[in-house]
Amino acid sequence: MDHDTENEGKADFNDVEKHWSTVLEKGIDQLTDAQITSLKFSSLDDGGEFYNTYAKLVGFSIRKDEIKRNKNNIVTSRRWVCAKEGLQIRKNEANLNCMRERPITRSGCKAAFRIRFERKSGEWVVGEFKREHNHDLVPQFETQFLPGGYENVGFTSKDLYNYLAEICNSSTQDGDAECALEYLQAKADIDSSFFFQYTVDEESRLANLFWTDSQSRLDYACFGDVVAFDTTYKTNTIVFGFGLLVDETVDIYTWVLQNMLVAMNNKTPISIVTNGDKAMSKAIKTVFPKSRHRLCVWHLERNAFANLHDKEVYKSFIRCMVRYVTPDGFEDMWKKMVDNHNLHNHEWLLEMYAKKMKWAEAYMRGLFFSGCRSTQRCEAMNAFLNRFLDRKTRLYELFQQVDRAFSRIRHNEMGVDFSSNYTEPILITGLAEIEKHAATIFTREILAWKVIVRTLYLIDQSMKCSCLLFESYGYPCGHLFAIMKVEHLKQIPPMCIMTRWLKTAKSDLPCKLESQMSLDIIRMARFSALSTSCSKMCYFGSRTTQGFEELKVEIARLTRHMEELYNSSKEAIEDGICTASNKANLNVRDPAIFKTKGDHGSTSNSHSHVKVRRCSSCKDVGHTRRTCPSTHIQQAD
């Protein structure tokens with residue numbers, strides 16, 4: 001029992017000027033301590049809702065703390081604190097061999113808010129308010145990852161499923177392929193950074209497509225130095241873009257890679273990993289002649305198992321492939337394998353030896369692949385996309401589902417970034433200062449390093465190790481950390497830090513755009529910055545009817561003004577957002593249904609051949625042997 005029910009009707013909060021929401025609408029940044037401590041609330045829940053709303057807008061989350069009751073067990077006071085209040089007990093801090101525990105979420109923050117019931121007025125008043133935090137506050141666009149419930153979403157799961165069913169059941173008036181192209185064209189009209197191209201085969205009227213969005217292009221600008229291709233359908237997906245192809249020929253693959261190069265502002269990847277498809281390999285050699293090409297280790301292991309029928313030969317080949325040895329060491333191992341098993345004329349081994357520069361670890365050491373040795377590293381992406389796609393998905397629905405899937409993926413990525421930025425890992429090594437610095441600048445995933453023992457040496461006051469782990473993976477090896485310890489360093493030297501592994505890998509990009517990036521990427525960064533800046537304005541505008549109406553008018557006015565500025569600029573002439581080829585109706589034919597690679601199941605058109613189940617006794621239908629009438633008759637006789 002509390003005062004919410006005992007004092008019902010004593011306080012009149014119909015006066016909107018008296019409600020706390022009117023204070024929040026004046027702007028969180030302008031609220032003073034005096035304004036907050038003078039607030040009054042109609043109930044305990046009302047006070048909790050205020051502090052929770054305040055916390056989300058400022059950029060932190062809260063949890064309940066102390067509660068006081070009188071002798072009648074009636075609540076008289078409630079206190080809320082910042083979720084980072086208190087300190088987390090580190091169980092394995094002294095154990096240097098332990099695995100990393102869950103990240104630390106407490107920092108001893110003192111921010112708090114307390115309300116108490118004032119019997120004289122029958123109202124809940126503020127008894128304590130501590131504003132200051134000892135940690136970084138979360139930006140507005142990341143507050144979705146703060147701890148909280150889903151009770152205020154505004155719709156039920158039933159509403160969601162009904163809406164999705166309505167969308168799925170709607171049919172398209174034009175052909176499936178035509179509607180798909182119109183969908184992509186509409187996205188390009190809305191977002192000038194969205195890129196898509198298609199070509200139509202004149203004979204079959206089928207189209208090859210390539211498309212990528214603004215976020216993928218930004219990701220490529222940050223992480224496109226290593227790219228993995230897998231041409232097997234339903235095995236892997238290229239996260240920088242999508243290709244939907246009629247056939248798998250050298251010409252079509254070349255067309256896809258050329259469009260990818262145009263979309264990514266002619267930035268060529270340093271390294272490429274493929275599954276060994278010959279047509280794709282020729283296309284890569286044509287479009288990316290300077291990129292280092294590596295064959296997928298997982299596919300090589302499967303091919304070796306299929307072609308080398310001797311178990312010992314198979315093991316020897318795998319050792320040649322993965323051992324960290326010098327090129328001379330590899331040649332000795334290969335010669336020993338061939339001589340011992342008399343494999344001098346083995347056709348598959350001769351073919352693989354000719355490609356050794358693309359798969360032997362001895363020839364890959366020191367070449368940057370960011371640890372990517374297999375296209376199967378994308379298998380988690382494939383599993384995720386399979387939740388949204390199946391063989392019954394229409395071509396028009398495919399693009400919508402891919403957009404949904406990638407929205408979810410990017411939301412999850414933001415959650416991982418949130419964890420890296422606003423939690424701390426357990427320190428488990430003896431190099432406390434260096435490890436703390438690493439935890440400050442690197443993402444959580446990159447903190448799990450592997451060590452390979454080799455010798456060390458210093459060149460021109462820069463650190464370098466002969467194991468070449470940094471050159472291959474992009475992060476320091478254990479030997480470099482040993483040197484840092486000997487040199488009494490408290491931070492990782494800049495020459496041992498690669499930008500792609502930093503928490504700020506993406507946030508550092510806009511600072512370099514004006515001088516190093518193309519106009520398209522500059523516009524993408526501007527668009528992201530403006531979208532983030534508008535989120536707070538839209539929030540407050542949605543809280544009141546007057547604010548909503550005024551904001552609609554202002555948005556319309558500013559939109560007209562921005563459109564006039566753009567149309568009168570030289571950029572509008574240079575852009576050519578919609579080309580004539582994209583606008584033309586090319587009468588693209590819908591693709592036929594084919595079985596996918598590795599899929600021996602039936603298509604949706606084969607249900608007419610379903611096998612009829614018959615009784616094994618009388619061969620009739622409609623029952624089984626256990627319930628067969630003839631069996632029961634015989635038993636009765």
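It should be emphasised that the depicted structure is a prediction, and the values quoted were computed from it without experimental measurement. We count residues from 1, following the sequence as given.
Considering Leu489, Ile492, Val486 in turn, Ile492 is the only one that fulfils the side-chain contact (heavy atoms from CB on, under 4.5 Å) rule with Phe481.
Annotation: side chain of Leu349 is in contact with side chain of Leu308 (closest heavy-atom distance under 4.5 Å). Counting only heavy atoms from C-beta outward, the side chains of Met495 and Phe470 never approach each other to under 4.5 Å. A 4.5 Å side-chain heavy-atom check between Thr274 and Leu295 finds at least one atom pair inside the cut-off. By the 4.5 Å heavy-atom criterion applied to side chains, Leu367 and Phe369 are counted as neighbours. When side chains are defined from C-beta on, Gln258 does not count as touching Val262, because their heavy atoms never get closer than 4.5 Å. Two residues are said to be in side-chain contact when any heavy atoms from C-beta on lie closer than 4.5 Å; Glu361 and Arg323 fail this criterion. Residues Met321 and Val297 meet the side-chain proximity criterion, which asks for heavy atoms closer than 4.5 Å. A heavy-atom distance below 4.5 Å is not found between the side chains of Tyr198 and Leu184.
Annotation: cation-pi geometry satisfied between Lys267 and Tyr220 (NZ/CZ under 6.0 angstrom from ring centroid, within 45° of ring axis).
Taking both residues in full, the closest heavy atoms of Ile434 and Gln491 are given as CG1-N, 4.3 Å, listed atom of the first, atom of the second, then distance. For the pair Phe330 and Ala360, the tightest heavy-atom approach, listed with the atom from each and the gap, is CE1-CB, 3.8 Å. Of all non-hydrogen atoms in Asp247 and Asn208, the two that sit nearest each other are N-OD1, 4.2 Å. Closest heavy-atom contact between Ser281 and His293: OG-CE1, 3.4 Å. Heavy atoms only, all atoms of each residue included: Leu350 and His344 are closest at CD2-O, 3.7 Å. In plain terms, the two heavy atoms of Tyr253 and Ala283 that are nearest each other are CB-CB, 3.6 Å.
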message = Let's go through Asp213 and Ser216 carefully: what are the C-alpha distance in whole Å and the side-chain angles of both, what is the deciding distance for side chain to side chain donor-acceptor pair (under 3.5 Å) to 0.1 Å, and is it a yes or a no?
response = CA-CA 5 Å; Asp213 61 6; Ser216 295; 2.8 Å; yes
message = I'd like to know whether Trp298 forms a side chain to side chain contact (heavy atoms under 4.5 Å, CB included) with Leu300, so could you lay out the CA-CA distance, the side-chain angles of the two residues, the decisive distance to 0.1 Å, and finally the verdict.
response = CA-CA 5 Å; Trp298 184 80; Leu300 279 175; over 6 Å; no
task = I would like to know whether Tyr353 and Trp334 meet ring pair (Phe, Tyr, Trp, His ring centres under 6.0 Å); could you show each step before the answer?
result = CA-CA 9 Å; Tyr353 183 77; Trp334 187 270; 5.4 Å; yes
request  = Go through the steps for Val227 and Val273 under the test side chain to side chain contact (heavy atoms under 4.5 Å, CB included), then give the verdict.
outcome  = CA-CA 6 Å; Val227 176; Val273 182; over 6 Å; no
Salt bridge (Lys or Arg N to Asp or Glu O under 4.0 Å) between Lys485 and Glu433, worked out = CA-CA 10 Å; Lys485 180 179 180 180; Glu433 293 293 334; over 6 Å; no
query = For His479 and Ile483, what are the C-alpha separation, side-chain angles and deciding distance, and is it a side chain to side chain contact (heavy atoms under 4.5 Å, CB included)?
reply = CA-CA 6 Å; His479 320 107; Ile483 291 294; over 6 Å; no
task = List the steps and the verdict of side chain to side chain contact (heavy atoms under 4.5 Å, CB included) for His437 and Lys490.
result = CA-CA 8 Å; His437 178 239; Lys490 295 185 178 181; over 6 Å; no
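For the pair Arg217 (side chain) and Ala263 (backbone), a donor-acceptor distance under 3.5 Å is present. At least one donor-acceptor pair closer than 3.5 Å links the side chain of Ser291 to the backbone N or O of Pro269.
Within a 6.0 Å sphere centred on NZ of Lys356, heavy atoms belonging to other residues, nucleotides or ligands number more than 12.
Atom-to-atom distance recorded for His346:NE2 and Met337:CE is 9.5 Å, nearest 0.5 angstrom. Interatomic distance, SG of Cys320 versus NZ of Lys335, reported as 13.0 Å (0.5 Å rounding). Rounding to the nearest 0.5 Å gives a distance of 9.0 Å between CD of Glu248 and CE of Met280. In this structure, Ser271 OG and Met364 CE are separated by 8.5 Å, a value rounded to the nearest 0.5 Å. Separation of atoms CG (Asp328) and CE (Met333) is listed at 13.0 Å; rounding is to 0.5 Å. Put simply, NZ on Lys187 and CZ on Phe194 are 5.0 Å apart, with the number rounded to the nearest 0.5 Å.
Applying the side-chain hydrogen bond (donor to acceptor under 3.5 Å, both in side chains) test to pairs two or more places apart or on separate chains, those with a residue in residues 301-316 are Ser316-Arg319.
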